[in-house]
Amino acid sequence: RKAVSAIGRCAVKLERAAERCIGVLLELIQTKVNYVVQESVIVIKDIFRRYPNRYESIIATLCDNLDTLDEPLAKASMIWIIGEYAERIDNADELLDTFLETFEEEDPAVQLQLLTATVKCFLKDPEDTQDMVQRVLDMATEESDNPDLRDRGFIYWRLLSTDPEAAKMVVLGDKPVIEDDTFKLDPALLNVLIGQIATLSSVYHKPPEAFVVRRGAEEDKEEDDDDDEDEGYDVGDSAGGAAGAAAGAVDLLDMGGMDLNKSGAGAVGTGKYEPKAPMTRVCGPEKSGGLEIMAGFRQLNKKIRMEMTVDNISSTSEVASLAIQLNKNSFGLSPASQQLVCNPPVGPGQKGETFVELTTTPNMLAPIPAGQPASPQVQVALKNMQSGTVFYFAANFNIEAIFSPEGTMERSVFIESWKSIDDRNELYSTVSDLPADMVNIEEVTKKFKANNIFFIARRPVPNAEGQEVVYFSMRTLTGMEFLAELTFKQGVNACKVCLKTENSAYGLLAKTAVESILRS
């Protein structure tokens with residue numbers, strides 16, 4: 001699959017190589033190997049988008065392999081091709097009809113493409129496809145509980161019934177040519193990789209330290225296994241945990257001595273590390289009828305809160321209550337109450353505080369485009385109930401506010417989870433200029449626990465004097481899990497962070513949360 005995908009990227013990135021890549025992809029399709037055919041269809045769709053009206057002669061070959069497609073992304077790609085080039089395919093309506101037989105069971109991405117492709121066919125050949133488009137619109141708007149599919153169906157229905165010419169402009173309009181962004185790396189990481197051009201770093205697009213720690217632990221496992229069993233590593237509670245471990249119970253997982261039989265980090269109090277909402281200015285008086293709004297998020301007593309500071313700069317009326325609504329967002333957040341109360345009311349020239357509790361609701365979850373990171377933005381609408389002014393703003397949500405108090409893991413579960421997550425879902429960074437107490441692992445553990453980030457184990461780095469690695473787990477209230485590895489070096493006020501997760505769209509937000517908590 002990676003090889004086929006790489007051929008597609010070459011075609012998109014290098015115009016002079018596109019024709020040769022197409023030839024190779026056609027040869028691969030002729031092998032009739034299921035997963036090769038499906039990946040080829042996916043990349044050919046991207047090539048069509050990069051070079052419109054150039055390689056359509058191969059569509060017949062693609063149509064001959066419809067029966068082999070069973071993966072959602074491959075089906076969606078083929079359906080897009082059929083809809084986009086329906087006027088060049090004699091039996092386009094019949095091909096789409098084969099997919100429509102299982103419309104209700106298909107993946108949402110396939111359903112959306114089927115809806116759009118059917119409308120395209122109708123606009124290009126209305127006489128032969130009127131019954132089909134009617135059937136698809138009925139299924140999308142009346143039988144589906146997917147809001148995205150329903151909304152798109154209603155839009156198409158309204159366009160087709162009121163202004164077919166406008167529908168053609170919207171649905172059949174020219175599309176922007178896609179570009180290859182595979183190698184658009186973070187500039188800082190790119191500079192590191194250029195300096196390591198002859199090493200594995202430039203192959204895996206990871207900094208050197210990602211390999212040094214792993215290699216040392218593995219060598220230690222192979223060469224000093226007997227010594228490890230006799231001596232063990234200190235992975236218990238910093239306050240004194242349980243001592244000793246049964247021989248043979250250690251599974252290093254490239255992690256040194258994570259002993260499954262030793263006790264956890266024990267009870268650590270939150271104390272001075274009680275989380276505070278990071279407040280930012282989200283709305284000025286020029287947009288909100290004279291009010292300046294600061295907003296931030298945190299979790300308190302297992303409740304997610306959006307806290308606000310209301311500064312009445314130039315409003316002539318006092319602010320006693322605000323109505324609130326949230327747009328769909330990456331976290332499914334919605335207000336538990338539609339009203340915020342300012343007690344006491346905020347008069348002209350005064351400042352007050354208020355908050356609203358938030359809940360997570362699947363219906364409020366905004367879809368995340370494939371391959372894109374989740375957006376931290378939460379779009380908010382407020383109405384001043386005294387003046388009637390309605391205003392809007394967006395606030396960035398810090399994901400640690402939805403970390404669950406039940407996010408701790410058994411070490412055996414942590415190890416298996418770490419093993420099972422693909423290395424491509426690893427994120428790395430170095431956090432510099434840490435506060436003095438944040439290079440003390442015991443203090444880091446306390447602060448992390450206050451933010452529902454739970455200690456798993458700690459160990460010295462083999463053959464690296466003064467370096468120590470600590471492992472933590474996080475789980476959101478919505479069930480997403482994140483695993484973190486932090487590397488500290490004695491006398492250095494910096495920390496290397498490695499984060500792994502199956503929920504790759506949210507990995508960057510979780511890594512940013514870890515970094516922010518370390519710096520704060």
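Owing to the predicted nature of the structure, the values given are computational and were not obtained by experimental measurement. Numbers for residues simply follow the sequence, beginning at 1.
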>> With side chain to side chain donor-acceptor pair (under 3.5 Å) as the criterion, how do Ser520 and Lys447 come out once you've worked through the C-alpha distance, each side chain's angles and the decisive distance to 0.1 Å?
In response: CA-CA 10 Å; Ser520 63; Lys447 190 170 187 179; 3.0 Å; yes
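- The existence of a salt bridge linking Glu292 and Arg281 is confirmed by a sub-4.0 Å separation between a basic side-chain nitrogen and an acidic carboxylate oxygen.
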Name every donor-acceptor pair, under 3.5 Å, that has one atom in a side chain of residues 331-341 and the other anywhere in the protein, sequence neighbours excluded.
unit_1, atom_1, unit_2, atom_2, d
Ser334, OG, Thr359, OG1, 3.3
Ser334, OG, Thr361, OG1, 3.2
Ser337, OG, Gln339, N, 3.3
Ser337, OG, Gln339, O, 3.4
Gln339, NE2, Ser321, OG, 3.3

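- Side-chain contact annotation: Thr116 with Tyr156, donor-acceptor N/O pair under 3.5 Å present.
- A distance-only check finds no donor-acceptor pair linking the side chain of Asn451 to the backbone of Ile453 [under 3.5 Å].
- Inter-residue side-chain proximity for Phe403 and Leu477 is flagged as unmet; no heavy-atom pair is nearer than 4.5 Å.
- Remark: Lys328 NZ is packed, more than 12 non-hydrogen atoms of other residues, nucleotides or ligands lying under 6.0 Å away.
- With a 4.5 Å cut-off on side-chain heavy atoms, Val497 and Tyr428 do not count as touching.
- Atom-to-atom distance recorded for Gln467:CD and Thr487:OG1 is 7.0 Å, nearest 0.5 angstrom.
- Proximity of Glu84 to Lys120: side-chain heavy atoms (C-beta onward) are separated by under 4.5 Å at one or more points.
- Salt bridge status for Arg305 with Glu357: absent, with no side-chain N to carboxylate O gap under 4.0 Å.
- Under a 3.5 Å cut-off, the side chain of Thr389 and the backbone N or O of Asn384 do not form any donor-acceptor pair.
- Ion pairing between a basic and an acidic side chain is recognised when a charged N comes within 4.0 Å of a carboxylate O; Asp46 and Arg9 show no such pairing.
- Within the 4.5 Å cutoff, side-chain heavy atoms of Val444 are placed close to those of Phe488.
- Using a 4.0 Å cut-off between charged side-chain N and carboxylate O, Lys75 and Glu71 make no salt bridge.
- Close placement of the Tyr85 and Phe48 rings is indicated, their centers lying within 6.0 Å of each other.
- For Arg458 (side chain) and Glu468 (main-chain N/O), no donor-acceptor pair under 3.5 Å exists by modelled atom type.
- Contact detail for Cys121 and Ala92: the closest heavy-atom pair is SG-CB, 4.2 Å.
- The backbone N or O of Thr141 lies less than 3.5 Å from no partner atom in the side chain of Asp151, so there is not a single donor-acceptor pair.
- When all heavy atoms of Met294 and Met279 are compared, the closest pair comes out as O-CE, 3.6 Å.
- Taking 4.5 Å as the limit, some side-chain heavy atom of Tyr471 sits within range of a side-chain heavy atom of Arg459.
- Looking only at side-chain heavy atoms (C-beta outward), Asn327 and Asn329 stay at 4.5 Å or farther from each other.
- In summary, Lys511 and Glu426 do not engage in a salt bridge, as defined by a charged side-chain N under 4.0 Å from a carboxylate O.
- Inter-residue side-chain proximity for Met474 and Glu400 is flagged as unmet; no heavy-atom pair is nearer than 4.5 Å.
- At least one side-chain heavy atom of Pro278 sits less than 4.5 Å from a side-chain heavy atom of Asn398.
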